[in-house]
Amino acid sequence: MKKLALLAAAITMTLGVMGAAAPGRAQDLAWCTKIKGMTNCMYSTRQQCRASISGRNGTCVRNHRSWQ
């Protein structure tokens with residue numbers, strides 16, 4: 001029973017770490033949208049960014065924290 005509890009805890013911690021890591025990396029892409037004071041850096045290309053803001057009165061800016 002003790003081994004089962006340890007296994008469940010290990011799986012839960014692993015899934016928690018994996019889930020927390022993915023969104024952080026998405027914010028480090030090369031292009032960001034700025035719409036109504038909110039910034040989202042989840043675009044690899046300027047074209048992707050511009051398509052996202054189309055019709056929404058936003059702008060695209062280069063991500064200064066980008067790893068690319």
Side-chain angles (χ1 to χ4, degrees):
M1 192 66 167
K2 192 175 185 179
K3 287 182 180 182
L4 183 59
L6 288 173
L7 179 60
I11 290 171
T12 301
M13 289 188 332
T14 301
L15 292 175
V17 169
M18 288 172 58
R25 187 166 183 172
Q27 290 296 315
D28 287 337
L29 294 179
W31 288 93
C32 308
T33 57
K34 282 193 174 186
I35 302 172
K36 295 183 181 177
M38 295 180 61
T39 303
N40 290 312
C41 302
M42 34 189 230
Y43 305 97
S44 297
T45 66
R46 185 170 186 245
Q47 290 79 13
Q48 290 172 339
C49 181
R50 290 181 52 91
S52 175
I53 63 166
S54 178
R56 298 194 308 162
N57 198 23
T59 59
C60 289
V61 295
R62 200 83 159 117
N63 184 358
H64 69 282
R65 299 182 316 181
S66 175
W67 53 273
Q68 292 181 347

Engineer: Would you tell me whether Thr33 and Tyr43 have side-chain atoms, one donor and one acceptor, within less than 3.5 Å of each other?
Structural biologist: no
Engineer: Under a single-linkage rule joining Ile, Leu, Val, Met, Phe, Trp and Tyr whose side-chain heavy atoms are separated by less than 4.5 Å, which residues share a cluster with Val61?
Structural biologist: none
Engineer: Check which hydrophobic residues are tied to Met38 through side-chain heavy-atom contacts below 4.5 Å, counting indirect links as well, and list them.
Structural biologist: none
Engineer: For the cysteine pair Cys32 and Cys49, state whether the SG atoms are less than 2.5 angstrom apart.
Structural biologist: no
Engineer: For side chain to side chain contact (heavy atoms under 4.5 Å, CB included), just list the numbers for Cys41 and Leu29, CA-CA rounded to whole Å, side-chain angles, deciding distance to a tenth of an Å, and then say yes or no.
Structural biologist: CA-CA 6 Å; Cys41 302; Leu29 294 179; 5.5 Å; no
Engineer: First locate atom CE of Met42, then atom OG of Ser52, and finally report the distance between them rounded to the nearest 0.5 Å.
Structural biologist: 6.0 Å
Engineer: Within the structure provided, determine whether Trp31 and Gln48 are in side-chain contact (heavy-atom separation under 4.5 Å).
Structural biologist: no
Engineer: Say you draw a straight line from CG of Asn40 to CD1 of Ile35; how long is it, rounded to the nearest 0.5 Å?
Structural biologist: 7.5 Å
Engineer: About how many Å separate OG1 of Thr59 and NZ of Lys34, when rounded to the nearest 0.5 Å?
Structural biologist: 6.5 Å
Engineer: Check side-chain contact (heavy atoms from CB on, under 4.5 Å) between Gln47 and all other residues, then give those that pass, not counting sequence neighbours.
Structural biologist: Thr45
Engineer: How close do Arg62 and Ala30 get, heavy atom to heavy atom, and via which atoms?
Structural biologist: NH1-CB, 3.3 Å
